[in-house]
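Position 1 is the first residue of the sequence, and the numbers go up from there.
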Amino acid sequence: QVQLVESGGGLVQAGGSLRLSCTISGRTISSTAMGWFRQAPGKEREFVATIRWSGGVTYYADSVKGRFAISRDNAKNVVYLQMNSLKSEDTAVYYCAAGTKPSSGTSYYRAGAYDYWGQGTQVTASS
């Protein structure tokens, strides 16, 4: 049906960069926003960034603000997460998510706002 597939993860030195991609395939969905979350071992899933499909409004977690950038290609149904100045604390499995709820009253920094999730891609930043 609907598939979200992340790619671009890997192992980098602290201070390095990676760009994650999330490709949406299958049934076309009326998604209002996309989000990136991450989960490190033993920790809860954590909000990273979100972007609105219409208008491109973005919001970032304080921990990544100024280092990460989320963007989207509406025509290709692809969302990116450019990660610069990576720290060991950024090491986690990164998940792409699509939200279909109306934007009004929806907090896209919460996991509950999203309906579809990818399988995740591992990002490891070694110091």
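Atoms CG and CZ, on Leu81 and Arg19 in that order, are 10.5 Å from each other to the nearest 0.5 Å. Separation of atoms CZ (Arg72) and OG (Ser31) is listed at 11.0 Å; rounding is to 0.5 Å. The distance from the SG atom of Cys96 to the CG atom of Leu20 is 9.5 Å, given to the nearest 0.5 Å.
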Under the side-chain contact (heavy atoms from CB on, under 4.5 Å) rule, what do Ser126 and Leu11 come out as? Steps first, then yes or no, please. CA-CA 7 Å; Ser126 61; Leu11 173 65; 4.3 Å; yes
Evaluate side-chain contact (heavy atoms from CB on, under 4.5 Å) for Thr91 paired with Gln122, printing each intermediate quantity in order. CA-CA 8 Å; Thr91 296; Gln122 177 70 44; 3.9 Å; yes
Any chance you could lay out the side-chain contact (heavy atoms from CB on, under 4.5 Å) test for Lys76 and Ser21, step after step, and finish with the verdict? CA-CA 11 Å; Lys76 296 181 178 180; Ser21 299; over 6 Å; no
What's the verdict on side-chain contact (heavy atoms from CB on, under 4.5 Å) for Ser63 and Glu46, showing C-alpha distance, side-chain angles and the deciding distance? CA-CA 10 Å; Ser63 59; Glu46 176 188 27; 4.0 Å; yes
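Gln82 approaches Ser17 most closely through the heavy-atom pair NE2-CB, 4.0 Å. Considering all non-hydrogen atoms of both residues, Ala33 and Thr50 come closest at CB-OG1, 4.1 Å. Considering all non-hydrogen atoms of both residues, Cys22 and Trp36 come closest at CB-CZ2, 3.7 Å. Minimum heavy-atom separation, Arg67 to Leu86: NH1-CA, 3.9 Å. Contact between Tyr60 and Lys65 at its shortest, heavy atoms only, is O-CE, 3.8 Å. Smallest separation of non-hydrogen atoms from Tyr95 and Gly118: CD2-O, 3.6 Å.
Side-chain N or O atoms of Asn74 include none that pairs as donor or acceptor with a backbone N or O of Ser54 at under 3.5 Å. In this structure, the side chain of Arg52 does not engage the main chain of Val57 through any donor-acceptor pair within 3.5 Å.
Val2 and Met34 end up in the same hydrophobic cluster when Ile, Leu, Val, Met, Phe, Trp and Tyr side chains are linked at under 4.5 Å. At a threshold of 4.5 Å between side-chain heavy atoms, the hydrophobic network of Ile, Leu, Val, Met, Phe, Trp and Tyr places Phe47 and Met83 in two separate groups. By the criterion of side-chain heavy atoms lying less than 4.5 angstrom apart, applied directly or through intervening Ile, Leu, Val, Met, Phe, Trp or Tyr residues, Tyr114 is not grouped with Val79; the two fall into different hydrophobic clusters. Under the 4.5 Å side-chain heavy-atom criterion for Ile, Leu, Val, Met, Phe, Trp and Tyr, Ile70 and Leu18 are members of the same hydrophobic cluster. Residue Ile51 is grouped with residue Val64 when hydrophobic side chains (ILVMFWY) are merged at heavy-atom distances under 4.5 angstrom, including chains of intermediate members.
Taking Ser107 as the reference, Tyr109, Arg110 meet the side-chain contact (heavy atoms from CB on, under 4.5 Å) condition, with sequence neighbours excluded. Partners of Asp115 under the side-chain hydrogen bond (donor to acceptor under 3.5 Å, both in side chains) rule, at least two apart in sequence or in another chain, are Thr100, Lys101.
Geometric assessment of Arg45 against the ring of Phe37 yields a negative cation-pi assignment under the 6.0 Å and 45° thresholds.
Salt-bridge check for Lys87 with Asp90: failed, with every basic side-chain N at 4.0 Å or more from each acidic carboxylate O.
Here the rule is side chain to side chain contact (heavy atoms under 4.5 Å, CB included) with Glu6, and of Thr121, Val123, Val93 only Thr121 fits it.
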